[in-house]
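Just so it is clear, the structure is predicted and the values come from calculations on it, not from any experiment. Note on naming: letters A, B, ... go to the chains in the order of the sequence lines (proteins, then strands), and numbering restarts at 1 for each one.
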Number of protein chains: 2
Amino acid sequence: MRVRLEDVARAAGVSPKTVSRVLNDEANVTARTREKVRAAIEAMGYRPHPSARSLASNRSFLVATLYDNPSSNYLTEILGGVLEACDQHRYSMLVRPLDVNAADFVARVDAFISHHRPEGLVLTPPITDHAALLARLHERGVRYASVSPIERAGRIGAFMDEPLAARQMVEHLLALGHRRIAHVVGHPAHGASRWRLDGYRAALHAAGMSCDPALVVQGDFSFGSGVTAARALFSLPRDRGPTAVFAANDDMAAGVIWTAGEHGLAVPRDVSVCGFDDTPIAHQIWPALTTVHQPSHDMGRIAALQLLEVLRGRGEGAMVQVPFALRVRESTAPAA
Amino acid sequence: MRVRLEDVARAAGVSPKTVSRVLNDEANVTARTREKVRAAIEAMGYRPHPSARSLASNRSFLVATLYDNPSSNYLTEILGGVLEACDQHRYSMLVRPLDVNAADFVARVDAFISHHRPEGLVLTPPITDHAALLARLHERGVRYASVSPIERAGRIGAFMDEPLAARQMVEHLLALGHRRIAHVVGHPAHGASRWRLDGYRAALHAAGMSCDPALVVQGDFSFGSGVTAARALFSLPRDRGPTAVFAANDDMAAGVIWTAGEHGLAVPRDVSVCGFDDTPIAHQIWPALTTVHQPSHDMGRIAALQLLEVLRGRGEGAMVQVPFALRVRESTAPAA
DNA sequence: CAGCAAATTGACAGCGCTGTCATCTGGCGC
DNA sequence: GCGCCAGATGACAGCGCTGTCAATTTGCTG
C-alpha cells in the first residue's frame, strides 16, 4: 500500500489535519511546522490521492476544454496552454470535442458536466458565443473562461486586438502600393470574421479609400472556401480584380495561393496574398505566407489561469489582452 | 444536494449494494431487479460520483494518452479516437505532451502517473518504443496500448501494414513509368521511417531495379527537412536526378513541392511527388498530394479499446491491423 | 505576572461509493 | 414434504482525505 497522509502525519509528529493544511497552503500553520511537514512529505515521496481529496472537499480539481474547431493546430496550441496552467495548479484537464450545430448540443454539454463534474470550463470559438449554452452554464453555476469571445463584457479569459491586427495587415499591403485589395471573410459564426473585416475596412477608410463590395467575398475559414472565393476574385475583369488578397485565416490564404496557380497568376509577382493566425501551413506553402501571429498557446494558458484564479478563490479573473505580431514573409510584394 | 446511490436504492426498494451491482454490470442480479433499478436511475437522473467510485474501488477510470509528436493533425485524430473509446466505457481521458529527449523523460512520466494514477496509457510514436519507459511501466505494472509501435511482439494496440503501403505507393510511380525514384526518409527514431524505406526498397527490388543510394536522402518528417532533401536531389545532374520523389510523410512532400518551385520544376510535369499520411496539408497545397491515407482516428480508438478490454478484465487485448488506402491526386503523373 | 484574544493544532465525522462476507430465497432431488 | 445448494440480496466497514469545531498554545497588554 502506498503512503497516505496519515503516515506522513505520524512521521512528522503532527495530526493528519495539519498535513492537509500544509498540502493546501492554508493559513495558520507556523513556518516551523510547515517545514517539518514538507520535509516528511518529501522524504516519503507522498502524493495526495486525487479521488479522496475530491470526495472529501467536494471539488473535482478538473477543468474541461470545450471545442468545435476544425483547425487542429490552433486547438493543439490552445490545449497545450490550458494544460500548462492546469499543471501549475495541480488541476487535471479534460478535453471535449463537440458539434455546436447538433440539436442536442446544450444537452450534451450538460451530460458531460454531470458526468465528469469539472469545476470550470475553458471555451474556445465558436462555443464562446453560444447563447443557449452560456445561459445554461449560468443557470447551473458553472464557471468558465473564454478564448476570443465575441462579447467580452463581464467575461474572463484572453483576447487579442484583432481589428487592429487586421488593420495593420492591410496597411502593410497599402504601404506596398496595393490599391485593389480583396478580403476573404471568415465563417460567420466566428467573431474573428467580423473583427478582421472591420480592421480591413478601417484601414481602407483611414487611407481615404472606398471599399469595393466585389472585392469582399464570403468564406468559412476552410481551404476550399478560399479556393472558391479566389476563383470569383480572379475571374473579375483584369482592371477590376485584386492585386492583393487578405484572407481572414491562413487556410483560406493557402487556398487563394493554390487558385492563383490554377489561374496562371504568380504569387507575389502578380498578386500578393496574406493570411491570419500563423499556423504551420504559413511556412509549409510556397511562397511562405505573410500573416499575423496569434499567441494561441499563451491565450489558452492565460484564459485557464483566469479561470483557476476564480476556482481557487484567489480573485475575480479578468479578460486579458495579449499582443500580436505581423509576420511578413514571401507572399506579399510591392504592387506591379 | 444531488441524488446519491442511496436515494436510488430507497426509490427502487433495494439495498445500495444492489444498485451498485446494476451500475457495474455485475452478475447475480435478477432481470426483474435490474430493470427496477435501471428505471429508478433513469427517473431520478442519477449519475455516480466518479471520485467516490474511484476511492472505494481503488480504480481511477482514467486513461492517459502520451505524445511527443509535432503533427497536430495526426495527434488530434488519435486523441479523438481514444476519447471515443473512453466515452464508450465511461472512462475519462487525460492528455500528456512530453519531450522524449529530455533527460528526465522517464521521471516525468513516473511523476505524472503517481499524481494522476491513470489505469492505463495509450502510447503514440515515438514514445511507443522508448525502452527505458517501457521497462519502467512493466516494473510499475502500468498497462498500456501502443499506436504503430516498432516492436509489436507481445504488445496490444493498433498498426498498419506500412511497408506494404509504401510499396504500393512506389509501385504506383513505377506504373506511371518512373525509373529514377527518390525517397526522403523520415525521422530515425520513428519506426514508420524504416517501414516506408523498406517498402520503397521492396518495390524497386520486385521490379528488378537497384536502389541508387544518391536517391535516398535522410529527413526528419519536418517540412524544412523535405526542403533540404529536395535541394540535394534537384542539384543532381539532370540524367541522374529523380523524376519522382516519394517522401515518407506529407509535410516533407510539401517541402519537396516547395523546393521544386524554387528550382523551376513543375509538379507533376517535371517531377512527380507523393507523401504519406493524408494530413490536411495534402489537399491544401497545389497540386494536391498523392499520398497514403492512414486511419488515425480509428487507430487511436482501436488501440484504446484494446487497453480498455484489459483494464475492464474483459480480455487480453490484441495488436490489431487496420487497413490503409492509396489516395491518388494531382501531384503524380506519367514520367515525361 | 495575570488575563485575554488570536493563532495554531487536533479530534472526529463523513464525503459516496464498493469489497467482503453474512443472510436470505427459491428450486430441486429424494 | 424436507433438506440442501446455488444464486440473489443486504449489512457494514472503510477507501484517504477535508470541514467543522473544540482544545490548546502563543503573544500581548496593563
Less than 6.0 angstrom separating the ring centers of His297(B) and Tyr74(B), yes or no? no

Spacing between [X] atom [atom1] and [N] atom [atom2], to the nearest angstrom:
X        : N       : atom1 : atom2 : result
Arg4(B)  : dC15(C) : CZ    : P     : 7 Å
Leu5(A)  : dC12(C) : CG    : P     : 17 Å
Leu55(A) : dG16(D) : CG    : P     : 12 Å
Arg90(A) : dC17(D) : CZ    : C1'   : 15 Å
Lys17(B) : dG14(D) : NZ    : C1'   : 13 Å
Asn58(B) : dC17(D) : CG    : C1'   : 14 Å
Leu23(A) : dG16(D) : CG    : P     : 15 Å
Arg10(A) : dG16(D) : CZ    : C1'   : 13 Å

Of the residues in residues 40-54 of chain B, which ones touch DNA chain D at a heavy-atom distance under 4.0 Å? none

Check each residue of residues 24-32 of chain B for a non-hydrogen atom within less than 4.0 Å of any atom in DNA chain D, then write out the ones that pass by number, or none. Asn28(B), Val29(B), Thr30(B)

Taking the minimum atom-to-atom distance to the side chain of Val14(B), which one of dG10(D), dT9(C), dG16(D) wins? dG10(D)

Give the nucleotide from the list dG16(D), dG19(C), dG10(C) with an atom nearest to the side chain of Ser57(B). dG19(C)

Would you say the base of dG19(D) and the side-chain of Arg21(A) have a donor-acceptor pair closer than 3.5 Å? no

Whichever of Arg117(B) and Arg34(B) has its nearest DNA chain D nucleotide further upstream toward 5': Arg34(B)

Polar contact flag, side-chain donor to acceptor under 3.5 angstrom, [X]-[Y]:
X         : Y         : answer
His49(A)  : Arg2(A)   : no
Ser72(A)  : Asn73(B)  : yes
Ser54(B)  : Ser51(A)  : yes
Asn69(B)  : Thr124(B) : no
Thr30(B)  : Thr33(B)  : yes
Arg53(B)  : Ser20(B)  : no
Arg117(B) : Ser60(B)  : no

Check whether any side-chain nitrogen or oxygen of [X] sits under 4.0 Å from OP1 or OP2 of [N], and answer yes or no.
X        : N       : value
Ser20(B) : dT18(C) : yes
Thr18(A) : dG10(C) : yes
Ser15(B) : dG10(D) : yes

Going by heavy atoms in the side chains, are Val322(B) and Phe159(B) under 4.5 Å from each other? no

Side-chain ion pair, Arg32(A) and Glu35(A), N-O less than 4.0 Å: no

